[in-house]
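Inspection log for the structure reproduced underneath, given as structure tokens.
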Amino acid sequence: MSKSHYQSPRGTRDILPEEAEKWRWTLNSFAELAQRFGYGQVISPMFEDLGVFLRLGEDTEVVSKEMFTFHDKDPKAPQDLALRPELTASICRAFAQHRPTTPWKVWYEGPQFRYEKPQAGRFRQFVQVGAEIIGEEDPAADIEIITLAWRFYESLGLEHITLLINSLGNRETRGTYNRELSAYLSAASESLSAQSRETLAKNPLRVLDSKREEDLEVISAAPTIQDFLSPEDGNHFESVCDGLTSVGIPFVISPRLVRGLDYYTRTTFEFAADKLQTAQNAVGGGGRYDGLIEELGGPPTQGIGFALGVDRILLACEAEGLQLGDSKPLDVFVVDLTGGSQATQITNEIRAHGFGADRSFGDRSIKAQMKVADRSGALFAIIVGDDELEKNEVTLRDLRGDGSQERVSRSNLVNALDASLKERYSQ
RNA sequence: GUGGCCGUAGCUCAGCCAGGUAGAGCCCCUGUUUGUGGUACAGGUGGUCGCGGGUUCAAAUCCCGUCGGUCACCCCA
């Protein structure tokens, strides 16, 4: 432990092959699903002008405390840079920059970075997949976005996800509600925790997120934003709820769901993994945003989207006992007792025919090589010793069944291997 | 940023309270089996006990500091 001088930076980790297999499968699943829903991929930079993210709201913690920022090497550069802490802002920046026709339906995947203290389900580099519909006000867009996220969880086999949904109204209702809530909480501040009193001064909405025991009573009696919605916003929300019901997606209306990013308006939602026994059990979230694109230099444009945390989703899958991935075992492992050049040629030949093949390196005993062959998970071993070489043959041995083996002529190797594999997979 | 718990072999951990030659299981390597893995048995490799300082004849063990990990608050995916 002391010998390995370096380790991955705090809050980051190496995903090793066994785990990476699950990642690859999961990310592919999302990509295929999103494409089937008619979304196209956007690959945006991992860092942006700092200003892009400042538009998210200077008093959100993600912006004020958790960004990795750095200077451009060019002293004349007008802006500092920041690793992206989320992707909606980048997508909106891209929209404002390229002005594609609307509705613009896009999906993305990739790492994001937040300077936080790590804990279960929280990392400094974490991966999200997400989707956005930009330039569409129709509640059907809200419904489709939520459906896409829901079908993704389903496709992984997750069964214990709760969809929480709320409407934050427009900017005006949000402002009105904010004042009302603030007044209510101030009046009751005697019974609030010290931390909540601090939060109250900065952002009353977020007091509703408190998990502290002493706050629960005050919070549960607080006015809810539902009572302040304009008729239009109320109708929009109702349409979204009705639509979700019509496509069979269960949800829980959660009047106190406010979420951390300030840009949300109207529909907001969150997905909680019920089997995740950690503090961080939100595996996804999203909502509508007004004004964000305008802030970034685009025309006034509506948008709705979500981001799902892949790190946490995989934790949730583990908590539900799901086996992810569909990797096939290696077809064959070549054991060469004649020095290694036969293994080089044979693997080259059968790989060229599309089979999966591996071999060992170094001049090792048959016993050692067979051991490696077994560990590789390969279905068959091809053994070449002096005897085979002399007769221009190889030995083809079944590693997963009864260990039977046969002599095969070198020229017929590919056919024999093909036949043996077909037989094995037909069982 | 605040707090709890934990740092001993590649991995999982015992030993620490009552200081006295650094251990187990798994993994890996070798042999039993001179051309055969997966089972069994036998043997072997591998550790400045996170790091620095202090106490002591003697520190993995006691004390102080520090770094790292982990979990929780906060916040969020």
Side-chain angles (χ1 to χ4, degrees), chain A residues 1-11 13 16 56 59-66 85-88 109-130 149 193-196 198-199 202-203 206-207 209-213 215 257-261 269-273 276-286 306-316 333 335-338 360 364-389 395-405:
Chain A
M1 198 172 275
S2 57
K3 278 199 178 146
S4 126
H5 210 114
Y6 294 109
Q7 51 184 324
S8 52
R10 172 168 249 195
R13 59 214 174 115
L16 302 182
L56 295 173
D59 49 24
T60 65
E61 294 223 341
V62 168
V63 170
S64 62
K65 292 179 9 194
E66 299 176 357
E86 59 116 59
L87 259 160
T88 300
E109 66 173 41
Q112 2 256 297
F113 309 85
R114 292 182 196 171
Y115 194 88
E116 300 188 274
K117 199 159 165 183
Q119 67 184 75
R122 178 201 276 171
F123 309 93
R124 287 187 170 181
Q125 175 178 329
F126 59 100
V127 171
Q128 288 183 336
V129 296
S193 63
Q195 273 173 314
S196 284
E198 245 177 77
T199 310
K202 287 183 294 193
N203 192 335
R206 224 164 285 132
V207 175
D209 274 337
S210 168
K211 290 177 208 155
R212 288 174 289 275
E213 282 288 329
D215 294 334
L257 176 68
V258 291
R259 304 192 48 72
L261 296 163
F269 53 91
E270 186 168 302
F271 300 94
L276 221 41
Q277 297 302 316
T278 56
Q280 265 62 45
N281 72 337
V283 290
F306 64 73
L308 315 181
V310 178
D311 304 74
R312 288 184 189 173
I313 286 171
L314 293 178
L315 289 172
F333 193 99
V335 173
D336 183 357
L337 308 174
T338 70
S360 66
R364 310 180 68 193
S365 72
I366 183 168
K367 191 179 175 69
Q369 292 193 53
M370 285 299 290
K371 213 167 177 159
V372 179
D374 185 52
R375 270 204 307 266
S376 77
L379 300 174
F380 290 90
I382 288 172
I383 303 166
V384 191
D386 292 333
D387 190 44
E388 283 90 344
L389 190 55
T395 295
L396 181 60
R397 180 178 173 87
D398 182 350
L399 289 176
R400 302 303 147 196
D402 55 5
S404 62
Q405 60 186 46

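Below, read A as the first sequence line, B as the second, and so on, with proteins coming before strands; counting in each chain starts at 1. Just so you know, these numbers come straight off a predicted model, no measurement behind them.
Among A77(B), G69(B), U36(B), the nucleotide with an atom closest to any side-chain atom of I366(A) is U36(B). When each of C76(B), U30(B), G35(B) is scored by its nearest atom to the side-chain atoms of T395(A), the top-ranked nucleotide is G35(B). Taking only side-chain atoms of K367(A), from C-beta outward, the nucleotide of U32(B), C71(B), C76(B) with the closest atom is U32(B). Ranking A72(B), C75(B), G37(B) by closeness to the D374(A) side chain, first place goes to G37(B). When distances are taken from the side chain of Q405(A) to each of A72(B), U36(B), C76(B), the shortest belongs to U36(B).
Heavy-atom distances to RNA chain B give each of G121(A) and K371(A) a nearest nucleotide, and the one nearer the 5′ end belongs to K371(A). Comparing P9(A) and V372(A), the nucleotide of RNA chain B nearest to each residue sits closer to the 5' end for V372(A).
Between F113(A) and Y115(A), the distance separating the two ring centers is not shorter than 6.0 angstrom.
Taking each heavy atom of K117(A) and R122(A) in turn, the nearest pair found is O-NH1, 3.1 Å.
For F380(A) and G37(B), the CZ to P distance is 18 Å, given to the nearest whole Å. Atom P of nucleotide C74(B) and atom CG of N281(A) are separated by 13 Å, given to the nearest angstrom. Here G37(B) presents its P atom at 19 Å from CG of L379(A), a figure rounded to the nearest Å. Between L87(A) atom CG and A77(B) atom P the separation is 12 Å, expressed in whole Å. Going from atom CD of Q369(A) over to atom P of U33(B) covers 21 Å, rounded to whole Å. Taking atom CD on Q112(A) and atom C1' on C75(B), their separation rounds to 16 Å, with Å as the unit. Protein atom CG of D387(A) is 11 Å distant from nucleotide atom P of G35(B), rounded to whole Å. Computed from coordinates, the L257(A) CG to C75(B) P distance equals 14 Å when rounded to whole Å.
Looking at heavy atoms from C-beta onward, L308(A) lies out of side-chain contact with Q128(A) at the 4.5 angstrom threshold. Between R400(A) and F380(A) the shortest side-chain heavy-atom distance does not fall below 4.5 Å.
Dashed line: the shortest gap from a side-chain N or O of R364(A) to OP1 or OP2 of C29(B) is under 4.0 Å. One finds no side-chain N or O of R114(A) lying less than 4.0 angstrom from the OP1 or OP2 phosphate oxygen of C75(B). OP1 or OP2 of A72(B) lies within a sub-4.0 Å distance of a side-chain N or O belonging to Q119(A).
In this structure, E66(A) reaches the sugar-phosphate backbone alone: every heavy-atom distance under 4.0 Å involves primed, P, OP1 or OP2 atoms, never a base. Within 4.0 Å of R13(A), counting heavy atoms only, lies no atom of the nucleic acid at all. In this structure, A373(A) reaches neither bases nor backbone, as no heavy-atom distance under 4.0 Å exists between it and the strands shown. In this structure, F123(A) reaches the bases: a heavy-atom distance under 4.0 Å links it to at least one base atom across the strands shown. Among the heavy atoms of the strands lying under 4.0 Å from E388(A) is at least one base atom, whether or not backbone atoms are also near. When heavy atoms are screened at a 4.0 angstrom cut-off, R400(A) is found touching base atoms of the nucleic acid. G286(A) comes within 4.0 angstrom of no nucleic acid atom, judged by non-hydrogen atoms across all strands. Within the nucleic acid shown, I383(A) comes within 4.0 Å of at least one base atom, counting heavy atoms only. Looking at heavy-atom distances under 4.0 Å, S365(A) makes no contact with the nucleic acid at all.
Comparing G25(B) with C41(B), their P atoms sit 12 Å apart, to the nearest whole Å. A gap of 12 Å separates the C1' atoms of U48(B) and A60(B), to the nearest Å.
Annotation: the span from F123(A) atom CZ to R13(A) atom CZ amounts to 3.5 Å, rounded to 0.5 Å.
A donor-acceptor contact shorter than 3.5 Å is absent between the side chain of R397(A) and the backbone of I382(A).
E86(A) contributes no side-chain N or O that forms a donor-acceptor pair with the base of C76(B) under 3.5 Å. The base of C75(B) is not paired with the side chain of R206(A) by any donor and acceptor separated by under 3.5 Å. No donor-acceptor contact under 3.5 Å links the side chain of R375(A) to the base of C28(B).
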